[in-house]
Number of protein chains: 2
Amino acid sequence: MSRARDSGSVEYFFNSQSLREDQLFQDMLPEAVKAFEAMKQIVLYPEGSMIFAEGQRPRGVYLLSQGRANLVMRPKGKRARIIRIAEQGEMLGLSATISGEPYEVTAETLTPCQVGFIKRDDFLSLLREQPETCFRVAQLLGQSIHESYERFPLFDKTLPASAKLAHLILSWCAGGEETDEGIRLRLPLTHEQIARMIGTSRETVTRAFGEFRRKQIIQLEGATLLILNLAELESVAKSCQRSQKLSCLRNF
Amino acid sequence: MSRARDSGSVEYFFNSQSLREDQLFQDMLPEAVKAFEAMKQIVLYPEGSMIFAEGQRPRGVYLLSQGRANLVMRPKGKRARIIRIAEQGEMLGLSATISGEPYEVTAETLTPCQVGFIKRDDFLSLLREQPETCFRVAQLLGQSIHESYERFPLFDKTLPASAKLAHLILSWCAGGEETDEGIRLRLPLTHEQIARMIGTSRETVTRAFGEFRRKQIIQLEGATLLILNLAELESVAKSCQRSQKLSCLRNF
DNA sequence: TCCCAATTGTGACGCAGGTCACGTTCGACT
DNA sequence: AGTCGAACGTGACCTGCGTCACAATTGGGA
C-alpha cells in the first residue's frame, strides 16, 4: 500500500502509555510472568486484516508484539473514525475482556502483525489467582480512562478544525527530537488518516497545514515535521472557536 | 435556582449502570463491606458546590449517597461540557483514585448532596487486602469504559444536532414507562443543559425538539416527555449526516 | 528512466448550526 | 392576582467546513 510513509523503523509518539504489556509485567512476580506467557498463543495477521470488531463478544486479550494496528469505530454508513493507532507492545481488548461487554472498537492491522492471544477464561482466572496482577490491571484501566479523556478535545465539535489539528500535533511532541530550530518528528500519516482522527475532512487538514506553514508555525519536508513555534501552536490549540470579532466591533 | 424542574422525587434514567456503590457491594463478602463502610466518612455539600475539580491530584473516591451532581469538563474560556449527570448511589473519582492520575472531570453538586469519602490510601490498601473487591473494581472500570464509548456519538461532530438529541433521548428510554401511546418519561433538564450534553447551542435544541414535535415523534407536556414514534426516533439518530441529495441527483 | 497510483493543493459552492436579538410563557414567591 | 426571573420559541444573519472537481506532486516499481 502507498508511498513510503511507513518505511524504516518508524516510532510513534502518540500511542498509549498505559495499555502496554511491559507496563503490566513491571512489578510482576517472575512466576506470574511465566504463567502469563505460558497461556499466550501467537497468531499472525496479514496487513489489512481484522483482529476483532466492535460489538463482538470478547474472546480475550490481544498483545500486539509486532506491527501496528488501527483502532476505529465505524458508525454505520459513515467513514470510520480512527480512535487511536496501537503500536507494538500494546494490549488490546483489555476492558472488554474484563467487563464482559462487547469490544468497543474494531482493531485492524495496518502492517503484518504478530499477536499474542490469551483466552478470556484463562485471563480472568489468572487475575483471580494473582491479586497483584489484578491490582495492576485495575491501575492500567484507570490510566487508560485518563488517556481517553485527554483525547477528548479531538472529538469536541466546538473546536475549530485547526485547533484540533494543533492538539494532535502537540500530543506528538513528547516523542519529538529537540533541535535548535524546534522540535523535529516523523509524521508517517496521510492527511486522510489525520482527518479521520480529528473528525474532519481531508481537504480541511491540508488547508490547516497550509495555514500553519504560512504562519511559520511548522515546516514540512516529506514526512518530517518541524515545529518552529510551539507557543503559537499551543495558542491555536486553545483558540476558543469562533471569532469574537463581531461582538468586539459592536462595542464601538 | 430555577423553575420546578427538579421538584419531587425525580428519577434519572441515563445514569451510569456500572459505577454504582451497590454494584461494587454485590458479591462482596460481608466483612469486606463492613471494612468498606468503616473507613467511609460522610460529608455534606450544599447545592452548587464543587466536590472535586479536573486536574486535581486524587484524594480518594466519593460515594454519592444523596443528591445529584454534574460531571463536567471545562475547556478554559468555553462553556462547560456536561459529560454525565451522576445520581445517588454512584461512585465518583474511582479511576483517578486507582491510577493516581488527576481527576479527569469536575464534579459539582446540582442539589444538596450527602457524600461518603474514602481516602485514597485507605481505598488502595483495602483493594490489596481484598482480591475479590479488587477484581470487582477492575470489572467496574471496564464497564465504565464501555459506557463512555456508548456516549461517543454525542460528541461526534459529524452527526447533525437532531441525531445527537435523538441519541440522548433514546438513552433515556430504558427508564421510561411503557404506555399504549408510547414511552413516557420525566425530563428534568433544561434545553441549556441538554445543549451542553450534546455540544450544541440552546437554540438548536429548542428547534430540534420543535421539529420532533411537528413530526409527531414526541410530545411534551411540561417536564414529561412522551415518545410517540420510537422507530422514527431511531432512524433520526442514525441519520447519517449531510443530505446526499446532490450526489444522487448527479446520477441522472 | 518513465509511468502510475496515491497523495497533496486549491477554488467554488452550499448548508448546518452558532450567535444575536427579541418576544412569549412558565412557575415561584409575595 | 401581580411580579419577576428563568426558560422556551423563533427569525435573521454569517461563518466554518463538508463536498465536489480538478490540478499538481510525489515516490516506488517496471
Side-chain angles (χ1 to χ4, degrees), chain A residues 1-8 48 77-79 81 156-165 187-196 198-214 218 220-225 236 239-251, chain B residues 1-8 78-79 81 156-165 187-196 198-214 218 220-225 236 239-251:
Chain A
M1 74 182 285
S2 81
R3 227 145 82 199
R5 298 222 136 252
D6 40 18
S7 57
K78 297 178 46 190
R79 260 208 307 291
R81 181 70 178 255
D156 187 355
K157 147 155 206 168
T158 60
L159 285 175
S162 58
K164 295 197 285 186
L165 178 58
L187 179 64
L189 292 172
T190 68
H191 291 183
E192 172 70 32
Q193 292 176 83
I194 294 174
R196 279 161 40 187
I198 62 179
T200 186
S201 69
R202 200 267 312 163
E203 293 89 331
T204 300
V205 171
T206 300
R207 279 188 254 262
F209 267 123
E211 181 195 325
F212 289 173
R213 238 176 334 185
R214 262 197 312 287
I218 63 168
L220 276 169
E221 298 146 0
T224 299
L225 179 72
V236 171
S239 77
C240 154
Q241 91 168 107
R242 326 201 146 259
S243 48
Q244 267 97 348
K245 277 176 239 152
L246 298 178
S247 327
C248 297
L249 286 176
R250 201 185 325 283
N251 291 338
Chain B
M1 71 182 286
S2 84
R3 227 143 82 196
R5 297 224 137 252
D6 39 21
S7 57
K78 297 176 46 190
R79 261 208 307 290
R81 180 71 177 253
D156 187 356
K157 146 152 207 168
T158 60
L159 285 174
S162 57
K164 296 197 286 186
L165 179 58
L187 178 66
L189 292 172
T190 68
H191 291 184
E192 172 70 32
Q193 286 173 305
I194 293 174
R196 280 160 42 186
I198 62 180
T200 185
S201 69
R202 199 266 314 162
E203 293 88 331
T204 300
V205 170
T206 300
R207 279 188 255 262
F209 267 124
E211 182 195 325
F212 289 172
R213 236 176 334 183
R214 261 196 311 287
I218 63 168
L220 276 168
E221 297 146 1
T224 299
L225 179 72
V236 170
S239 75
C240 157
Q241 95 169 103
R242 323 197 150 263
S243 45
Q244 267 98 346
K245 278 175 236 153
L246 298 178
S247 328
C248 297
L249 286 177
R250 201 185 328 283
N251 292 337

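Note on naming: letters A, B, ... go to the chains in the order of the sequence lines (proteins, then strands), and numbering restarts at 1 for each one. The shown structure was predicted, so the numbers you read here are calculated from the model rather than taken from an experiment.
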**Student:** If I compare all heavy atoms of K164(B) with all of I198(B), which pair ends up nearest, and what's the gap?
**Tutor:**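 Minimum heavy-atom contact is NZ-O, 3.0 Å.
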**Student:** If I take atom CD in residue E211(B) and atom C1' in nucleotide dG9(D), what distance separates them, rounded to the nearest angstrom?
**Tutor:** 15 Å
**Student:** Side-chain contact test, heavy atoms from C-beta onward, threshold under 4.5 Å: evaluate it for L187(B) versus F209(B) and give yes or no.
**Tutor:**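 Yes, close enough: below the 4.5 Å cut-off.
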**Student:** Which whole-number value in Å describes the distance from L159(A) CG to dT15(D) P?
**Tutor:**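 Whole-Å distance recorded here is 20 Å.
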**Student:** Whole-Å distance between dG9(C) C1' and F209(A) CZ?
**Tutor:**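 Distance check: F209(A) CZ to dG9(C) C1' gives 13 Å.
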**Student:** Go through the steps for F212(B) and L220(B) under the test side chain to side chain contact (heavy atoms under 4.5 Å, CB included), then give the verdict.
**Tutor:** CA-CA 10 Å; F212(B) 289 172; L220(B) 276 168; over 6 Å; no
**Student:** Using the test side chain to side chain donor-acceptor pair (under 3.5 Å), find all partners of T200(B) that sit at least two apart in sequence or belong to another chain.
**Tutor:**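 Per chain and number, T200(B) pairs via side chain to side chain donor-acceptor pair (under 3.5 Å) with no residue.
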**Student:** Please name all residues satisfying side chain to side chain donor-acceptor pair (under 3.5 Å) with S201(B), sequence neighbours left out, ordered by chain then number.
**Tutor:**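 So S201(B) forms a side chain to side chain donor-acceptor pair (under 3.5 Å) with T204(B).
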**Student:** With sequence neighbours left out, write down each residue that passes side chain to side chain donor-acceptor pair (under 3.5 Å) with R202(B), or none if nothing qualifies.
**Tutor:** T206(B)
**Student:** Whole angstroms only, please: what is the CZ-P distance between R214(A) and dG9(C)?
**Tutor:** 11 Å
**Student:** So how far off straight is the helix from dT1(C)-dA30(D) to dT30(C)-dA1(D), going by the axes through five pairs at either end, to 10°?
**Tutor:**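 So the angle between the two local helix axes works out to 30°.
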**Student:** Quick check: closest heavy atoms across S162(B) and V236(B), and the distance to 0.1 Å?
**Tutor:** O-CG1, 3.9 Å
**Student:** Rounded to the nearest angstrom, tell me the gap between atom CD in E221(A) and atom C1' in dT25(D).
**Tutor:**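 Rounding to the nearest Å, CD of E221(A) and C1' of dT25(D) are 16 Å apart.
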**Student:** How many Å lie between CG on L189(A) and P on dA6(C), as a whole number?
**Tutor:**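 Nearest whole value for this atom pair: 18 Å.
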**Student:** Check DNA chain C against residues 199-207 of chain A and give the residues with a non-hydrogen atom under 4.0 Å, in numerical order.
**Tutor:** R202(A), E203(A), T206(A), R207(A)
**Student:** Which residues pass the side chain to side chain donor-acceptor pair (under 3.5 Å) test with E211(B), sequence neighbours left out?
**Tutor:**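 For E211(B) the side chain to side chain donor-acceptor pair (under 3.5 Å) partners, ignoring immediate neighbours, are K215(B).
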**Student:** Expressed in angstrom and rounded to an integer, what is the separation of H191(B) atom NE2 from dC26(C) atom P?
**Tutor:** 13 Å
**Student:** Using the salt bridge (Lys or Arg N to Asp or Glu O under 4.0 Å) criterion, which residues pair with R81(B)? Sequence neighbours excluded.
**Tutor:** D156(A)
**Student:** What's the CZ-C1' distance between R213(B) and dG9(D), to the nearest Å?
**Tutor:**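 Nearest whole value for this atom pair: 9 Å.
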